[in-house]
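Scroll down for the structure; my scribbles are underneath it.
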Amino acid sequence: MTRTVYLNGAYLPETEAKVSIFDRGFLMADGVYEVTSVLGGKLIDFGGHCVRLARSLSELEMQNPHSEAEWLAIHRELVQLNGITDGMIYLQVTRGNPGDRDFAYPSADTKPTVVLFTQDKPGLAENPAAKTGWRVISVPDVRWGRRDIKTVQLLYPSMAKMMAKKAGVDDSWFVEDGVVTEGTSNNAYIVKGNKIITRQLSHDILHGITRAAVLRFAVEAQMEVEERPFTIAEAQGADEAFITSASAFVMPVVEIDGASVGSGKVGAVVPRLREIYLDEMRKAAI
Ligand code: PDD
């Protein structure tokens, strides 16, 4: 089946959706994005993604082209048109097409380019990797200094994913000034006893929507949460480790730079957090 995608107000077959070569998303990576999961035909934490989208746009002095209700209607229409039960909705807003290349932002009346498309992933929440866990390597974090803005400039995260692939593992964790920032496209955590440790929010990492929910559920489950940086050595010596993202949810990490974390097998805490997260988010899905 040909996908139906959304482009600037129109629902089109993917082959007919075209964007200008002068679009600043294409020329300058001048755009932001969100990825929202769909489980059982419903959107997971849609409100959280909308709030972060508004913040990313405002940090880049871009107008939000839609209200939350309008964004919701577009997401739901795409889920319906493409018959998505489990999968993701990708949303991107760029500063649009000023008709030429120029470093300065175009005038405010330049229309943004708004693109949304679905990714069909049947059984997304039953990913078998959650039973075995991911293996990761550490790589230097050479990204720009505003990682809290969810921009489409993903070249280094792509390079880091390829470094992981070439090393025969699942993902890379970024390290800066001797401590972990986050994963290529996820937030990073370690577990020590009853405590979850993850880097505090700042410009250095993306403020994960899954992160916020998981930390809330962890506190509700009587776990302790400590927001501070950790080193690779501390992570290798932890009881368990994991990552979170809208598409992987809560995923155990069992090996870092060739060293086993804890027993080297998926532990007890991370699967429990994953279960709580998925249960609660399915209940709240819209
Ligand atoms: N990535 N950190 C980075 C660098 C990310 O790209 C992401 C999300 C996260 C987790 O954020 P959230 O829990 O809101 O998904 C953290 C998305 C899934 C992606 O690029 O596909």
Side-chain angles (χ1 to χ4, degrees), residues 25 29 31-39 43-56 59 71 75 86-93 115-121 124-125 127 129 134 136 138-164 170-176 179-189 196 198-218 227 229 241-251 253 270 273-274 276-278 280-281 284-285:
V32 301
Y33 76 108
E34 282 297 329
V35 177
T36 304
S37 276
V38 178
L39 291 179
L43 299 159
I44 300 296
D45 217 336
F46 178 77
H49 289 283
C50 256
V51 168
R52 186 173 60 192
L53 172 67
R55 180 178 180 277
S56 293
E59 290 297 306
W71 284 124
H75 278 72
D86 296 339
M88 279 102 73
I89 313 276
Y90 178 88
L91 174 168
Q92 176 169 324
V93 182
V115 167
L116 287 92
F117 58 81
T118 53
Q119 293 185 286
D120 192 18
K121 305 270 180 198
L124 181 65
N127 186 347
W134 278 4
V136 305
S138 61
V139 304
D141 197 340
V142 301
R143 297 173 301 161
W144 78 322
R146 288 304 306 273
R147 302 155 192 161
D148 56 310
I149 309 173
K150 198 163 170 59
T151 75
V152 297
Q153 27 167 333
L154 295 176
L155 182 54
Y156 188 64
S158 291
M159 289 169 72
K161 195 75 184 178
M162 291 314 295
M163 291 176 216
D170 302 287
D171 202 15
S172 295
W173 276 12
F174 294 129
V175 173
E176 184 174 56
V179 284
V180 174
T181 50
E182 58 188 331
T184 56
S185 57
N186 45 67
N187 293 116
Y189 309 72
I196 292 179
T198 193
R199 196 183 174 101
Q200 70 280 10
L201 297 181
S202 70
H203 289 174
D204 298 338
I205 62 168
L206 187 73
H207 301 190
I209 301 306
T210 319
R211 177 188 184 280
V214 165
L215 293 186
R216 198 172 67 237
F217 297 141
E227 295 181 70
F242 64 102
I243 60 94
T244 64
S245 78
S247 49
F249 309 119
V250 177
M251 181 63 69
V253 169
V270 178
L273 276 176
R274 180 180 172 91
I276 297 173
Y277 174 80
L278 285 169
E280 294 298 324
M281 296 321 274

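Atoms within a ligand are numbered from 1 in the order they appear, just like the ligands themselves. Everything numeric here is computed off the predicted structure, so don't read it as measured data.
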Inset, instruction - Could you tell me whether Arg147 approaches ligand 1 through its side chain, its backbone, both or neither, with non-hydrogen atoms closer than 4.0 Å? - result: neither
Inset, instruction - Provide, to 0.1 Å, the distance between atom 17 (C) of ligand 1 and the closest protein heavy atom, together with that atom's residue and name. - result: Lys150 NZ, 3.4 Å
Legend entry - Identity and distance of the protein heavy atom lying nearest atom 15 (O) of ligand 1: Ala246 N, 2.8 Å
Legend entry - Tyr33 near ligand 1 by a heavy-atom separation under 4.0 Å: yes
Legend entry - ligand 1 contact by Arg143, heavy-atom criterion under 4.0 angstrom: yes
Inset, instruction - Provide the number and element of each atom of ligand 1 under 4.0 Å from a heavy atom of Gly208. - result: 11 (O), 12 (P), 13 (O), 14 (O)
Inset, instruction - Distance to 0.1 Å, residue and atom name: give those for the protein heavy atom nearest to atom 21 (O) of ligand 1. - result: Val35 CG2, 3.7 Å
Legend entry - Over all atoms of both residues, closest heavy-atom pair of Thr244 and Asn186: O-CB, 3.2 Å
Inset, instruction - Indicate, as side chain, backbone, both or neither, the part of Met88 found under 4.0 angstrom from ligand 1 when only non-hydrogen atoms are considered. - result: neither
Inset, instruction - Give a yes or no on whether the backbone of Leu206 and the side-chain of Glu182 come within a donor-acceptor separation of less than 3.5 Å. - result: yes
Legend entry - Thr184 near ligand 1 by a heavy-atom separation under 4.0 Å: yes
Legend entry - Closest protein heavy atom to atom 13 (O) of ligand 1, given as residue, atom name and distance to 0.1 Å: Thr210 OG1, 2.6 Å
Inset, instruction - Applying side chain to side chain contact (heavy atoms under 4.5 Å, CB included), name anything that partners Leu215, two or more places apart in sequence or on another chain. - result: Tyr189, Ile196, Thr198, Arg211, Val225, Glu227
Inset, instruction - For Arg52 and ligand 1, answer yes if some heavy atom of the residue is under 4.0 Å from a ligand atom, otherwise no. - result: yes
Inset, instruction - Would you check whether Leu154 has a nitrogen or oxygen atom less than 3.5 angstrom from a nitrogen or oxygen atom of ligand 1? - result: no
Inset, instruction - Please identify which atoms of ligand 1 are closer than 4.0 Å to at least one heavy atom of Glu182. - result: 2 (N), 3 (C), 4 (C), 16 (C)
Legend entry - Side-chain H-bond candidate by donor/acceptor type, Asp204 with Thr181, under 3.5 Å: no
